[in-house]
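Throughout, a chain's letter reflects where its sequence line sits, starting with A, and its residues are numbered from 1.
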Amino acid sequence: MSGTTVKILDGNTFVVSDDRGDIEASPTDPSGLFSFDTRYLSKWVLTVDGHRLQALSTDDLQYFEARFFLVPGTGTVYVDSKLSVIRERAVGDGFHEQLTILNHEEKPVSLEVRIDAASDFADLFEVKDALTKKGTSTAHVDDGRLVLSYERGPFARETWISASEPARVDEHGLTFDVEIAPHGDWSTDLEVVTARGPAGERHERPKYGRRAQARPDMARDLAEWIADAPRLVCEWEPLTEAYRRSLVDLAALRFTALTMPGHALPAAGLPWFMTMFGRDSILTSLQALPFVPELAATTLRALAERQGSRIDDFRDEDPGRILHEMRYGELTAFEERPHSPYYGSADATPLFVVLLDEYERWTGDTALVRDFEYEARAALRWIDEYADLQGNGYVSYERRNEETGLENQCWKDSWDSISYRDGTLPGFPRATCELQGYAYDAKVRGARLARLVWKDGGYADELEHEAASLKRRFNRDFWVDDGGYYAVALDADGRQVDSLTSNIGHLLWSGIVDKSKAKSIARHLVGPRLFSGWGVRTLAEGEGRYNPIGYHVGTVWPFDNSFVAWGLRRYGFKAEAARVAAGVLEAAPYFAGRLPEAFGGYPRSLTKHPVEYPTACTPQAWSTGAPLLFLRTMLGLEPVGDRLVVDAALPSTIGRLELLDIPGRWGRVDAFGRGRIDVDVRPRRTAPGAGAASVARRQ
Amino acid sequence: MPVRTPTDSFFEELAARGDEPMLRRTTGTVRFDLVDGRRVDHHYVAVRKGAIEVTDSAHDADAVLRVDRDTFERFVTGEANAMAAALRGELTVEGDLSLVILLQRLFPGPPSSSRAGTRPDGGAS
């Protein structure tokens, strides 16, 4: 068996194979060719004269193509070097594979080359949950092509497999009788096309052909994407590396909705979450706003087009609610899963308004804000009319779809993420604290847009009044007196769920924190219970459920920390923000510049290096966005009117930093900073001082 | 007089709406082809920045949605979800898919959906 997996993708079509390029999925093994949440190939195995091949090396050339160098035989000691086999694969509406065999001998060779192919047409959810199929699969040969089909009533999916060289095609694959001259070579183009039929969309060919055709387009697109983003010049190599990695990964994570060709929004993660998510797409767009603002525009449009319009318990849909997740597979189609789309998220709706406002502040695109007045008002109305489940003036959540809906509708969505100090879990509904912060921020920002763009001063006054009232009540009801922080939630009885969590950092970001209480919050965030040295833990050491490798109960999440640092900065805690940024960014080199979803919450003094939390999905969109938001925060970038204000506060390890050609309503400007803050990543009291900054305006 | 079906009511109410804020950004035409055996009924919806006009024209449209008549009736009564039906292959769309995605938001939710957990007055505190 081959251990390493290779993943390539284009939009929501992706291939997961072993390092030989082979696919051998079991019902629960997540390899295959996937498109629109359906597996189109579960078997794709190459043999030469009946023997499997062995990988010499594998190149992930780009995120959408890979090259496998192979030799016959699977022995570990002796490599038969008389033949070389090269598979070059590019994904897109299926995939294209150029298979080449080189004969290194001085005499001709005769070979039987075989590709075994099959598909189980599993829904992505079935792969995760190991469910069995309800429809029927068939395979037949049609005009020299192998056609794999699946039907369940009107639902039909097909995989078409063909080759450019003559082949004997049967229902289980293709066989080639190959003669290769001395020192000669043989090559064939294999095309695998995913089709949704009989009435669905059909593609005659995969999107990309031979490499010569495939590369210029995609490579140029990627080069333009990177050239369009601000340029980072920095003395500290790990940051430059993380920045470049983030831009490339963001390019790979671009997802184009069928309704908006030519426009992309960030999907949540590669490969299993290559779809539209409310929360993930919004937060990633926020992180990336100073770098690639067009992601935010597309996210806002795509989510607005699908904003909830009716009450639907199965989908947890309400009028005005922003969707949680959209899926296209069989289980969604037959309503065994509610993702068509599913709306069970309590934060996406206020965050939609937050993104709309932040987008306008950066880009000055008031036309878009005018366009989405109705949707923004509907989102703000949802907060009061549909999200206040307990009638106590707070946003809370409780799923109405009890079978397949989400229990936890906040970002910490695992079963044990919200707990009291003693580790017990509250019932539902739950009003988590960051939801109140987001709701407050949405109202404040909505008021600004109402005054500036919608020209409705009365509505603005009303929203500001509601925001002020929410802030007053929140600071009274959520404040844990004996801890000096905010409770993570109120339970169904209005009682405080009193554990100390990273959520308090999101509260700083939202602005709901009373000035008098901010210092205590900042002290907790960089204090020994929350700060590990690599970042702020999701749950503080000492809490009943604390576990340094528990998903939301002790690990450090880079995305979480990027918003925590932004919050610290908002309340003037520059040095604390720089320390959180430094901690997480110093972890990046351990992951080749690609921050994982989460790493262990062990104290830095104990492990010396960050311990990765094992997840199937990498890169994760909001981890990819984290270095971008850290950059914004450390440089103190803030749009003020038509200017970009720069007020850098950088850790001294970073040295000199230039961010050139930052796009926005000002055109393009540069920002400079020099690291002046001595960051001690050990959790302790703050070092004084802030970085110097300057800004230059360019045409 | 033919019996007035939920489908008739849906298009009548749509026409009576005149202006629909959810479609304020939208300009385009959608033809609904409702199939009943050999018979095909046309409902032609023209949207101009939210202003809606409904006719029974069989003219070309920016999007043509073709679906079984009974299935469509289940959409307008909230008993079936159009997005899921589209994924199942029970309806086809030719042309501008985004128009259809916007228009299907006007279908009601399931009659059985309870809104459990929401205060009956639905107001802000």
Side-chain angles (χ1 to χ4, degrees), chain A residues 36 152-156 196-200 257-260 301 304-315 317-319 326-330 332-335 338 340-341 371-375 377-378 381 383-394 396 398 400 428-429 466 469, chain B residues 19-26 28 35 49-50 63 65-68 71 74-125:
Chain A
F36 284 92
R152 177 174 168 192
F155 181 90
R196 284 179 292 155
L258 287 172
T259 52
M260 295 175 72
R301 284 184 187 282
E305 271 188 2
R306 293 162 181 79
Q307 185 174 37
S309 60
R310 60 208 151 206
I311 290 163
D312 182 338
D313 290 348
F314 176 63
R315 294 173 179 79
E317 177 178 358
D318 308 306
M326 177 78 208
R327 291 290 184 180
Y328 306 87
E330 181 185 344
T332 303
F334 286 91
E335 302 185 278
S340 47
D371 269 359
F372 290 107
E373 175 180 353
Y374 176 82
E375 285 77 5
R377 283 179 185 253
R381 203 177 312 121
I383 293 173
D384 296 318
E385 290 191 16
Y386 295 95
D388 180 5
L389 300 182
Q390 305 177 82
N392 61 1
Y394 293 120
S396 54
E398 179 174 22
R400 306 203 295 279
F428 295 93
E466 288 167 14
S469 152
Chain B
D19 186 62
E20 171 49 58
M22 271 197 264
L23 302 175
R24 234 192 33 240
R25 290 185 315 281
T26 309
V35 183
K49 296 194 169 178
L65 183 152
R66 191 179 176 86
V67 65
D68 189 78
T71 305
R74 286 160 48 76
F75 296 159
V76 300
T77 54
E79 289 162 65
N81 180 280
M83 296 291 279
L87 292 176
R88 280 196 299 276
E90 283 178 17
L91 63 84
T92 63
V93 176
E94 268 175 50
D96 189 347
L97 185 63
S98 64
L99 280 173
V100 173
I101 289 191
L102 287 168
L103 272 177
Q104 62 80 31
R105 294 173 66 210
L106 303 179
F107 297 144
S112 58
S113 278
S114 59
R115 277 295 332 159
T118 306
R119 286 177 305 151
D121 62 276
S125 59

request  = May I ask you to check whether over 12 heavy atoms, not counting those of Q104(B), lie within 6.0 Å of atom CD?
outcome  = yes
ask   = Taking T332(A) for the side chain and S340(A) for the main chain, is one N or O donor matched with an acceptor at less than 3.5 Å?
value = no
key: Contact leader toward chain A among M83(B), M22(B), E90(B), where contacts are heavy-atom pairs under 4.5 Å   = M22(B)
key: R152(A) versus chain B, the contacting section by heavy-atom distance below 4.5 Å   = neither
query = For the candidates R306(A), R315(A), R381(A), which exhibits the highest count of non-hydrogen atom pairs separated by less than 4.5 Å from chain B?
reply = R315(A)
note = Under 4.5 Å to a heavy atom of chain B? For E375(A) that would be side chain
Heavy-atom proximity to chain A below 4.5 Å, by part of R105(B) = both
key: Which atoms of P110(B) approach chain A - backbone, side chain, both or neither, heavy atom under 4.5 Å   = both
inquiry  = Treating D384(A) as the side-chain partner and D388(A) as the backbone partner, does any N or O pair qualify as donor plus acceptor under 3.5 Å?
reply    = no
key: Pairwise distance CD(E330(A)) to CZ(F155(A)) - rounded to 0.5 angstrom   = 5.0 Å
ask   = Thinking salt bridges, do R400(A) and D318(A) make one under a 4.0 Å N-O criterion?
value = yes
